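A short worksheet on the structure shown next.
None of these values were measured; they are calculated from a predicted model. Counting begins at 1 with the first residue of the sequence.
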Amino acid sequence: MLRLRACGGTAPASVPALVRSRLSRRSSSAAYAAATVASASSSSSTLEDLAAEHRGLAKVILKKGKTQIFRDGSPMVYSGAVNRIIGRPPPKSGDIVLVADGTEKPIGWGLYNSVSMFCVRLMQLEEEARRDPTCALNMERLLEARISSAVGLRHSLGLPSADTNAYRLINSEGDRLSGLIVDIFADVAVIASSAAWVEKYRQEIQFLVSKVNGVSHIKWRPSTDILKEEGLDISEHKEPASTCSTVKVMENGIVYLVSLEGQKTGFYADQRENRYIISLLSKDQRVLDLCCYSGGFALNAAKGGADNVIGSALDLANENIVLNELNQGKVSFVKGDATTFMKGAISENELWDLVILDPPKLAPRKKVLQSASGMYRSLNALAMQVVKPGGLLMTCSCSGAMTQSGMFLKTIQGAASMAGRKVTVLRQAGAACDHPIDPAYPEGQYLSNYLLRVA
């Protein structure tokens with residue numbers, strides 16, 4: 001059973017005493033918070049009452065008409081929504097601040113950043129603090145509660161299981177810890193940091209994640225470029241040497257060798273459910289997996305009984321063939337450019353029953369969306385031309401700008417016209433269920449996956 005081990009007892013020797021003392025203070029803070037709220041009048045603000053004991057706590061006042069989106073739960077308070085900041089001296093990056101409406105009544109609290117375009121990352125709303133004040137204005141206590149909640153959610157989803165031990169434990173805004181991602185790979189937790197506050201609370205986060213059942217090692221992976229936009233330049237900082245650079249994981253009964261120095265956190269668990277669908281569709285089929293990284297779709301096709309599988313991948317994928325004892329006469333990976341490969345196949349009139357197209361992120365931001373749409377259209381037009389009439393194409397986009405724009409299906413239709421083919425949508429999906437999305441923050445949606453019949 002997956003659970004967060006109790007925070008009492010002795011912390012690992014590597015955890016500084018400061019972290020242990022911060023975490024141990026949560027009980028007294030919670031008791032004070034509960035007592036304060038109990039004595040407050042029903043018309044008062046819980047956060048206002050608690051803030052009275054926090055000298056120098058600044059208040060970020062929102063502009064008129066900008067409050068409701070944050071009351072509804074959007075966690076990113078952008079600087080353009082801020083009218084003024086009350087507090088002397090002004091808050092520093094990483095400080096806890098109140099966020100208030102135009103009447104200066106708090107709607108929540110969060111962590112301030114003087115440099116980022118996101119002035120505050122909201123952590124808790126006033127209504128939540130009123131219902132349960134134990135975490136109010138207490139980041140260490142909130143971290144413990146949110147991580148424990150994330151562990152409980154994954155357990156309810158059946159993760160980890162006997163055949164899957166690679167999954168996402170914390171999905172940033174989806175688990176209400178904006179800027180923090182934690183992926184579990186067997187006994188290794190890879191923590192990806194993309195916010196200044198995450199770096200500030202690094203020791204507390206590592207301590208709490210280390211107490212998750214089954215976690216023996218932690219790998220910290222800061223997003224250097226994003227953190228620079230947050231006001232942190234860690235380009236010269238070197239992380240301690242890791243005791244392991246690769247780890248073996250299992251997903252849906254298939255073994256993968258994961259490079260902890262590879263792309264993102266090392267493995268794309270978001271496609272787990274979509275890869276499983278491929279295993280169900282592949283029996284006796286000729287399958288082509290384009291732009292694959294560790295060979296996930298191809299390996300699922302082979303496991304599902306495909307007659308022949310070709311994938312365009314890295315050396316890592318070839319190692320995964322051996323790990324799974326698959327017939328190398330039926331599944332193989334080649335290095336090369338996907339566009340060049342498809343053009344060559346078209347010239348030879350070579351066709352497949354099932355094609356998977358999962359390119360890297362082509363639209364990292366909105367301003368390149370138009371040019372990226374052209375690239376997606378061209379790639380999909382080529383992919384459709386190597387699908388036999390009546391065959392299937394699973395096509396993907398991991399570009400948040402593309403997914404959120406709603407343009408991907410239109411782009412696919414444009415590709416069909418370019419290729420002279422007719423497509424029908426059979427299935428539409430996104431990331432696996434361990435990648436929750438907060439509806440108050442739709443910007444968290446990034447993965448689009450369509451299964452098409454190509455006539």
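Nearest heavy atom pair, residue Gly253 against residue Lys303, reads O-NZ, 3.4 Å. The two residues Pro222 and Ile234 come nearest to each other via the heavy atoms CB-CD1, 3.3 Å. Residues Ile412 and Met384 approach most closely at O-CE, 3.5 Å, considering heavy atoms. Across every non-hydrogen atom of Ala189 and Val209, the tightest pair is CB-CG1, 3.6 Å. In terms of heavy-atom proximity, Ser373 sits nearest to Thr411 at O-CG2, 3.5 Å. Nearest heavy atom pair, residue Phe297 against residue Ile278, reads CD2-CG1, 3.5 Å.
Side-chain atoms of Arg176 do not come within 3.5 Å of backbone N or O of Arg146 as any donor-acceptor pair. Formation of a donor-acceptor pair under 3.5 Å by the Asn449 side chain with backbone atoms of Cys396 is not found in this model. Under the 3.5 Å distance criterion, the side-chain polar atoms of Thr164 are left unmatched by any main-chain donor or acceptor of Ser161. Although no hydrogens or angles enter the test, the distance criterion places no donor-acceptor pair under 3.5 Å between the side chain of Ser148 and the main chain of Ala145. Although no hydrogens or angles enter the test, the distance criterion places a donor-acceptor pair under 3.5 Å between the side chain of Ser172 and the main chain of Gly179. At distances below 3.5 Å, not a single donor-acceptor pair connects side-chain atoms of Ser378 with backbone N or O atoms of Met375. With hydrogens and angles ignored, the 3.5 Å screen pairs no side-chain donor or acceptor of Glu199 with any backbone N or O of Ser193. Asp95 places a side-chain N or O within 3.5 Å of a backbone atom of Lys92 that can act as its donor or acceptor partner. Side chain of Ser399 to main chain of Ala401: no donor-acceptor pair is present (N/O by atom type, distance under 3.5 Å, no hydrogens or angles).
In this structure, the separation between CG on Leu159 and NE2 on His155 is 10.5 Å, given to the nearest 0.5 Å. The line from CE of Met123 to SG of Cys135 is 12.5 Å long, rounded to the nearest 0.5 Å. In this structure, Asp187 CG and Asn165 CG are separated by 9.0 Å, a value rounded to the nearest 0.5 Å. Of the inter-residue distances, the one linking Asn274 atom CG with Ile356 atom CD1 reads 11.0 Å to the nearest 0.5 angstrom. The CG atom of Asn300 sits 3.5 Å away from atom CD1 of Ile254, with the distance rounded to the nearest 0.5 Å. With values rounded to the nearest 0.5 angstrom, Ile191 atom CD1 is found 7.0 Å from Leu180 atom CG.
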Taking it one step at a time, do Val188 and Val249 satisfy side-chain contact (heavy atoms from CB on, under 4.5 Å)?
-> CA-CA 10 Å; Val188 178; Val249 303; over 6 Å; no
Quick one: do Met139 and Leu143 satisfy side-chain contact (heavy atoms from CB on, under 4.5 Å)? Show the steps, please.
-> CA-CA 6 Å; Met139 195 58 204; Leu143 274 169; 4.0 Å; yes
Are Leu169 and Val151 close enough, and set up right, to give a side-chain contact (heavy atoms from CB on, under 4.5 Å), and what steps lead you there?
-> CA-CA 7 Å; Leu169 176 64; Val151 169; 3.7 Å; yes
Decide side-chain contact (heavy atoms from CB on, under 4.5 Å) for Leu137 and Leu57; before the verdict, give the C-alpha distance in whole Å, the side-chain angles of both, and the deciding distance to 0.1 Å.
-> CA-CA 10 Å; Leu137 305 179; Leu57 194 67; 4.1 Å; yes
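Between Met117 and Glu229 the shortest side-chain heavy-atom distance does not fall below 4.5 Å. Leu62 places none of its side-chain heavy atoms less than 4.5 Å from the side chain of Asp101. Using a 4.5 Å cut-off on side-chain heavy atoms (C-beta onward), Met394 and Asp358 make no contact. Taking the side chain as every heavy atom from C-beta outward, Leu260 and Phe185 approach each other to under 4.5 Å. By the 4.5 Å heavy-atom criterion applied to side chains, Val190 and Phe267 are not counted as neighbours. At least one side-chain heavy atom of Tyr256 sits less than 4.5 Å from a side-chain heavy atom of Leu299. Counting only heavy atoms from C-beta outward, the side chains of Ile96 and Leu111 approach each other to under 4.5 Å. Counting only heavy atoms from C-beta outward, the side chains of Leu369 and Ser405 approach each other to under 4.5 Å.
Under the side-chain hydrogen bond (donor to acceptor under 3.5 Å, both in side chains) criterion, Glu173 pairs with Ser178, sequence neighbours left out. Residues satisfying the side-chain hydrogen bond (donor to acceptor under 3.5 Å, both in side chains) criterion with Glu230, sequence neighbours excluded, are Asn113, Ser116, Arg121. Checked against side-chain hydrogen bond (donor to acceptor under 3.5 Å, both in side chains), Gln68 has the following partners two or more places apart in sequence or in another chain: Asp72. Residues satisfying the ring pair (Phe, Tyr, Trp, His ring centres under 6.0 Å) test with Tyr376, not counting sequence neighbours, are Phe408. Every residue two or more places apart in sequence or in another chain that forms a side chain to side chain contact (heavy atoms under 4.5 Å, CB included) with Val82 is listed here: Val60, Val77, Ile85, Cys119. Not counting sequence neighbours, Lys410 has no partner by the side chain to side chain contact (heavy atoms under 4.5 Å, CB included) test. Not counting sequence neighbours, the partners of Tyr268 by the ring pair (Phe, Tyr, Trp, His ring centres under 6.0 Å) test are Tyr293. Annotation: side chain to side chain contact (heavy atoms under 4.5 Å, CB included) contacts of Arg88 (sequence neighbours excluded): Pro90. Applying the side-chain hydrogen bond (donor to acceptor under 3.5 Å, both in side chains) test to Asp175 and every residue at least two apart in sequence or in another chain returns Arg154. Take Lys59 and apply the side chain to side chain contact (heavy atoms under 4.5 Å, CB included) test, not counting sequence neighbours, and it matches Glu48, Ile61, Ile86, Leu98, Ala100, Glu104.
The one candidate from Val182, Leu142, Leu208 that meets the side-chain contact (heavy atoms from CB on, under 4.5 Å) condition with Ile147 is Leu208. Tested against Asp183 for a salt bridge (charged side-chain N to carboxylate O under 4.0 Å, His left out), the candidates Arg221, Arg168, Arg272, Lys219 yield a single pass: Arg168.
Heavy-atom contacts from other residues, nucleotides or ligands closer than 6.0 Å to CG of Asp225 number 12 or fewer.
Contact check on Glu126 versus Arg130 returns a salt bridge, with a Lys/Arg side-chain nitrogen under 4.0 Å from an Asp/Glu carboxylate oxygen.
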Can you give the donor-acceptor pairs under 3.5 Å from side chains of residues 438-448 to other protein atoms, not counting sequence neighbours?
residue, atom, partner, partner atom, Å
Asp438, OD1, Ala440, N, 2.9
Tyr446, OH, Asp270, OD2, 2.7
Ser448, OG, Thr403, OG1, 2.8

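For residues 102-142, there are no ring pair (Phe, Tyr, Trp, His ring centres under 6.0 Å) pairs, not counting sequence neighbours.
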